[in-house]
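This report concerns only the one structure given below.
Along the sequence shown, the residues carry numbers beginning at 1.
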Amino acid sequence: MTDTPGWASPSSSEPPRDDARPPADAPAAVPGPSAPPQAAPGLPGPAGDSRNGQPWGQQWGQQWGQQPPGGHRPYGWGTPASPKPGVIPLRPLSFGELLDGAVTTVRRHWRTVLSLSLGLAVVSQAGSVLVDLLVKGKTGDSTQTLRMLAGMPLELLLNVFATALLTIVVSRAVLGRSVTAGEAWRDARPRLLQLLGLTLLTALLGPGVILLGFAPLAGYGLAGGGSDALAGLLSLLGLLTVPVALWLWIRFSLAAPALMLEKQGALTALSRSRRLVRGAWWRVLGITVLSYLLALLVAVVVAVPFQLLGVLLGFESLDGQGLPDAADRGVAMILLMAVAGIIAGTFTTPFIAAVGVLVYIDQRIRREALDIELARAAGLPEHGGSGWGAQGDPTSARR
């Protein structure tokens, strides 16, 4: 076993088994009324446990809450509720439960979560204001490119800090435990350099694939090619790399929480993400895209009143269509929109980070029965109590 039982992979000498638990949508054999349920090797409860509610209810619904062999509570209709020591129930989660768990984490642990995200948002908006002031009054595509390139390093670095710190907070919130900002920093600090390298690798992977796909078109244009048909074909080739970049983004989207919680290297974290996402790519994509859309909606809702206020106060002029003219934005308007960005970032950053960690935990519950280990870590009596140290900390047992 690794030095982080429960969060770490099942074995340090062999890869995690994807067949440790059947997929959530796999059909399960239902024993007859007189046939006792069969125990799955290595796991308590009946064989064929799909853990999505229906098979458990079919197998145990007639017994109305009778405890199955091994003492592991069923999760189906007419049975005891799933244990919930923290922000999520310890079973495979639905879309709504994942989003609710993220919001609940922010709400219950708001002192730590919002203090961390507020500090990061202030630094992020300070950098954006500095860049906007440097390019103020300039127009053109080059200015927009300069603004983007100047802000990327800071945003990347802040994303590393946000991911590291908030992953620690969410992992404790799942167990029903709180953590201060100082404790989160102390636990996350040893992994920051590895997380920075992983973030750089994953951030450059998708754009690198797209640039590689459009490289023939760029070379053809520099060579002065005049065939529109060939240029169109090369453009199509470049566009085909966009889905590939999206596929890679989702495929490795769980690498960061795997690195932080399993305390493995960057390449091992990428491999873990690949295994956890395999067979659930569309589900992870849907949850990830939905969380980003919700965060974008919150940011827009926060920004619009500030922008209208700036127009009413004369901080920003209107263009010919009656819309705010960003090219002629004054210093007062830049500062006002920075305040809006701080407010939006304070709430959206921890939400997105929490969703990512909960998706990682959910996939491990579905594939590796992590819910059993989490229940023990939370000190639930029916699961044998906590074996992870006096405080039930999943990363403190064998430091």
Side-chain angles (χ1 to χ4, degrees), residues 102 105-106 109-135 144-171 179-207 249 252-261 266 269 288 291-296 298-300 302-303 306 334-360:
T105 300
V106 178
H109 306 275
W110 62 271
R111 289 183 178 86
T112 301
V113 170
L114 297 185
S115 63
L116 292 173
S117 60
L118 176 61
L120 295 172
V122 169
V123 176
S124 175
Q125 291 303 315
S128 298
V129 168
L130 180 60
V131 173
D132 287 340
L133 292 178
L134 290 176
V135 300
Q144 298 299 326
T145 303
L146 177 62
R147 178 184 285 110
M148 181 183 65
L149 293 178
M152 282 181 59
L154 179 61
E155 290 297 325
L156 182 66
L157 186 61
L158 292 177
N159 180 61
V160 170
F161 279 100
T163 301
L165 297 173
L166 294 172
T167 296
I168 300 300
V169 175
V170 177
S171 67
V179 60
T180 65
E183 292 169 343
W185 167 253
R186 186 170 58 251
D187 288 344
R189 183 174 54 188
R191 318 296 300 174
L192 286 178
L193 287 179
Q194 286 184 313
L195 184 59
L196 177 60
L198 176 66
T199 304
L200 280 171
L201 180 60
T202 54
L204 296 176
L205 191 60
W249 175 48
F252 299 123
S253 61
L254 305 184
L259 183 144
M260 292 300 302
L261 297 177
T288 303
S291 64
Y292 275 94
L293 289 177
L294 290 175
L296 178 62
V298 171
V300 171
V302 172
F306 281 85
I334 292 176
L335 296 176
L336 186 62
M337 294 308 298
V339 174
I342 291 173
I343 296 175
T346 300
F347 292 97
T348 58
T349 298
F351 172 75
I352 293 176
V355 169
V357 178
L358 293 179
V359 171
Y360 161 81

Closest non-hydrogen atom pair between [X] and [Y], with its separation:
| X | Y | answer |
| --- | --- | --- |
| L154 | G127 | CD2-CA, 3.7 Å |
| I343 | F306 | CD1-CZ, 3.7 Å |
| V106 | L114 | CG1-CD2, 4.0 Å |
| A162 | T349 | CB-CG2, 3.8 Å |
| A338 | V129 | CB-CG2, 3.5 Å |
| A256 | L195 | CB-CD1, 3.9 Å |

Test: side-chain hydrogen bond (donor to acceptor under 3.5 Å, both in side chains). Region: residues 191-207. Which pairs qualify, not counting sequence neighbours?
R191-Q194
Return each pair, listed once, that meets side-chain hydrogen bond (donor to acceptor under 3.5 Å, both in side chains) where at least one residue sits in residues 111-122; pairs must be two or more places apart or across chains.
none
[X] side, atom [atom1]; [Y] side, atom [atom2] - distance, nearest 0.5 Å:
| X | Y | atom1 | atom2 | answer |
| --- | --- | --- | --- | --- |
| L261 | D187 | CG | CG | 10.5 Å |
| L198 | L193 | CG | CG | 12.5 Å |
| T288 | L293 | OG1 | CG | 11.0 Å |

List the residues meeting side chain to side chain donor-acceptor pair (under 3.5 Å) with S253, not counting sequence neighbours, and say none if there are none.
none
For Q125, side chain to side chain donor-acceptor pair (under 3.5 Å) partners two or more places apart
none
Please name all residues satisfying side-chain contact (heavy atoms from CB on, under 4.5 Å) with [X], sequence neighbours left out, ordered by chain then number.
| X | value |
| --- | --- |
| V300 | L296, V304 |
| A299 | A344 |
| L204 | none |
| V355 | L99, A102, I287, S291, F351, V359 |

Distance-only check: which donor-acceptor pairs under 3.5 Å involve side-chain atoms of residues 163-170, not counting sequence neighbours?
{"residue": "T163", "atom": "OG1", "partner": "N159", "partner atom": "O", "Å": "2.8"}
{"residue": "T167", "atom": "OG1", "partner": "T163", "partner atom": "O", "Å": "2.5"}

With heavy-atom distances below 4.5 Å as the criterion, would you say the side chains of F161 and W185 are in contact?
yes
Side chain to side chain contact (heavy atoms under 4.5 Å, CB included) evaluation trace for F252 with L201:
CA-CA 10 Å; F252 299 123; L201 180 60; over 6 Å; no
